[in-house]
Peer 1: 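Pasting in a structure now, in structure tokens, and then I'll have a few things to ask.
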Amino acid sequence: MMILSKENFEIKREPDVILFRNRAKESAAKIGMSLVGQTKLITAASELVRNMLRYANGGTGIIEVVMNNNKKGIRLTFADTGPGIKDVKLALQDGFSTGKSLGLGLPGAKRLSNEFNIQSEPGKGTTVTIIRWKDGL
């Protein structure tokens, strides 16, 4: 996979979330992603970046324009050094929450992404990477 551009963001407070979302949307629009694709990407990004703030007091967000086999897409990475997730499989099930929420954010973000990867270790943090391809495939 080729990285065509990359931007790093420190996510420490709510205004950082808005900046991150706006830049992700701009990147998606620049590669010609459909409005539906942009909406899915931004919705997933909102969930993941807010999780990072809520559960880990922030972290790093990365926006990359990537290309693979002539497909362009946006890869978003959310990395924190928070408490980590004890049971990732359980956390990806609808309705599971440790934060008194509906428990739809993490599994919803997975459904809205074309590619989804999560690495987490209790006490060391969590990294979630998603890709939304321009053509949604």
Side-chain angles (χ1 to χ4, degrees):
M1 185 170 312
M2 183 185 313
I3 299 170
L4 303 177
S5 70
K6 181 177 182 177
E7 289 182 90
N8 293 341
F9 296 83
E10 276 198 47
I11 309 295
K12 298 280 185 198
R13 46 195 188 99
E14 190 67 28
D16 299 332
V17 172
I18 295 164
L19 176 63
F20 184 83
R21 287 178 37 163
N22 289 344
R23 295 301 281 265
K25 182 174 179 18
E26 288 171 12
S27 295
K30 278 184 188 173
I31 67 167
M33 188 179 289
S34 71
L35 193 54
V36 171
Q38 290 178 41
T39 301
K40 289 180 177 180
L41 179 73
I42 299 310
T43 302
S46 293
E47 288 296 330
L48 297 170
V49 76
R50 287 187 196 289
N51 279 354
M52 198 165 60
L53 260 183
R54 183 176 189 178
Y55 296 107
N57 293 321
T60 301
I62 301 170
I63 300 170
E64 296 170 303
V65 176
V66 295
M67 180 175 268
N68 192 22
N69 295 328
N70 294 323
K71 290 192 317 185
K72 271 190 179 177
I74 304 297
R75 179 166 61 191
L76 303 178
T77 301
F78 308 86
D80 67 64
T81 57
I85 300 171
K86 289 181 184 173
D87 188 336
V88 170
K89 187 175 177 181
L90 186 60
L92 288 170
Q93 292 180 3
D94 284 335
F96 176 80
S97 175
T98 59
K100 298 181 182 176
S101 69
L102 296 174
L104 299 173
L106 198 55
K110 183 177 180 182
R111 284 192 291 272
L112 293 168
S113 306
N114 296 124
E115 296 184 26
F116 181 94
N117 184 26
I118 184 168
Q119 302 290 318
S120 188
E121 189 172 339
K124 294 193 175 179
T126 301
T127 299
V128 178
T129 304
I130 65 171
I131 296 177
R132 181 87 200 160
W133 295 109
K134 173 185 167 186
D135 298 324
L137 303 173

Peer 1: Are the side chains of K40 and M33 in touch, meaning some heavy atoms are under 4.5 Å apart?
Peer 2: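 With C-beta onward as the side chain, the pair stays apart.
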
Peer 1: Measuring from D80:CG to Y55:OH, what's the distance to the nearest 0.5 Å?
Peer 2: 12.0 Å

Peer 1: If you group Ile, Leu, Val, Met, Phe, Trp and Tyr by side-chain heavy-atom gaps below 4.5 Å, do L4 and I74 land in one group?
Peer 2: yes

Peer 1: Do N117 and Q119 get their side chains close enough for a donor-acceptor pair, meaning under 3.5 Å?
Peer 2: yes

Peer 1: Is there a donor-acceptor pair closer than 3.5 Å between any side-chain N or O of N22 and the backbone N or O of L19?
Peer 2: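 Side chain of N22 to backbone of L19: no pair is present.
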
Peer 1: Compare every heavy atom of A24 with every heavy atom of L41, then report the nearest pair and how far apart it is.
Peer 2: CD2-O, 4.1 Å

Peer 1: Rounded to the nearest 0.5 Å, what separation is found between the CD atom of E47 and the NZ atom of K110?
Peer 2: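 Going from CD on E47 over to NZ on K110, the span is 15.5 Å.
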
Peer 1: Heavy atoms only: give me the nearest A28-Q38 pair and the separation to one decimal.
Peer 2: CB-CG, 3.8 Å

Peer 1: Check for a donor-acceptor pair, side chain of N114 on one end and backbone N or O of W133 on the other, with a separation under 3.5 Å.
Peer 2: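 Checking the backbone N and O of W133 against the side chain of N114, a donor-acceptor pair under 3.5 Å is found.
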
Peer 1: Looking at A91 and P107, what are the two nearest heavy atoms and their distance?
Peer 2: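 A91 and P107 have their closest heavy atoms at O-CD, 3.9 Å.
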
Peer 1: So which atom in S113 and which in A44 form the shortest heavy-atom distance, rounded to 0.1 Å?
Peer 2: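 That closest heavy-atom pairing would be OG-CB, 4.2 Å.
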
Peer 1: So, for A56 and P83, which heavy atoms are closest and what is the spacing to 0.1 Å?
Peer 2: CA-CD, 4.3 Å

Peer 1: Taking a hydrophobic cluster as the set of Ile, Leu, Val, Met, Phe, Trp and Tyr residues connected by side-chain heavy atoms closer than 4.5 Å, whether directly or through intermediates, do I42 and L35 fall within one such cluster?
Peer 2: no

Peer 1: Please check: side-chain N/O of E121 versus main-chain N/O of G84, any donor-acceptor pairing under 3.5 Å?
Peer 2: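 Judged by distance alone, no pair lies under 3.5 Å.
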
Peer 1: Within this structure, what is the CE-CD1 distance for the pair M1 and I3, rounded to the nearest 0.5 Å?
Peer 2: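 Taking CE in M1 and CD1 in I3, the distance rounds to 8.5 Å.
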
Peer 1: R75 and side-chain contact (heavy atoms from CB on, under 4.5 Å): which single residue from I130, V66, I63, N68 fits?
Peer 2: V66

Peer 1: Do L92 and M52 share a hydrophobic cluster, counting only Ile, Leu, Val, Met, Phe, Trp and Tyr and linking them when any side-chain heavy atoms are less than 4.5 Å apart?
Peer 2: yes

Peer 1: Say whether, by atom type as modelled, one donor and one acceptor occur between the side chain of R132 and the main chain of L112 under 3.5 angstrom.
Peer 2: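 Checking the backbone N and O of L112 against the side chain of R132, a donor-acceptor pair under 3.5 Å is found.
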
Peer 1: Is the shortest heavy-atom distance from the side chain of I11 to the side chain of F78 under 4.5 Å?
Peer 2: no

Peer 1: Report the distance from atom OG1 of T60 to atom CD of E10, rounding to the nearest 0.5 Å.
Peer 2: 6.0 Å

Peer 1: Between F116 and I62, is there shared hydrophobic-cluster membership here, with clusters defined by ILVMFWY side-chain heavy atoms closer than 4.5 Å?
Peer 2: no

Peer 1: Give, for atom OG1 of T43 and atom CG of L48, the distance between the pair rounded to the nearest 0.5 Å.
Peer 2: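 One gets 11.0 Å once the value is rounded to the nearest 0.5 Å.
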
Peer 1: Taking side chain as C-beta onward, heavy atoms only, is N51 less than 4.5 Å from V128?
Peer 2: no

Peer 1: If you look at every heavy atom in T77 and E64, which pair is closest and at what distance?
Peer 2: OG1-OE1, 4.5 Å

Peer 1: Can you tell me how far NZ of K72 sits from CE of M2, rounded to the nearest 0.5 angstrom?
Peer 2: 10.5 Å

Peer 1: Within a radius of less than 6.0 Å around NZ of K71, do more than 12 heavy atoms belonging to other residues, nucleotides or ligands occur?
Peer 2: yes

Peer 1: Going only through I, L, V, M, F, W and Y residues with side-chain contacts under 4.5 Å, is there a path from V36 to I131?
Peer 2: no

Peer 1: Take L53 and D16 through the test side chain to side chain contact (heavy atoms under 4.5 Å, CB included) and record every step on the way to the result.
Peer 2: CA-CA 10 Å; L53 260 183; D16 299 332; over 6 Å; no

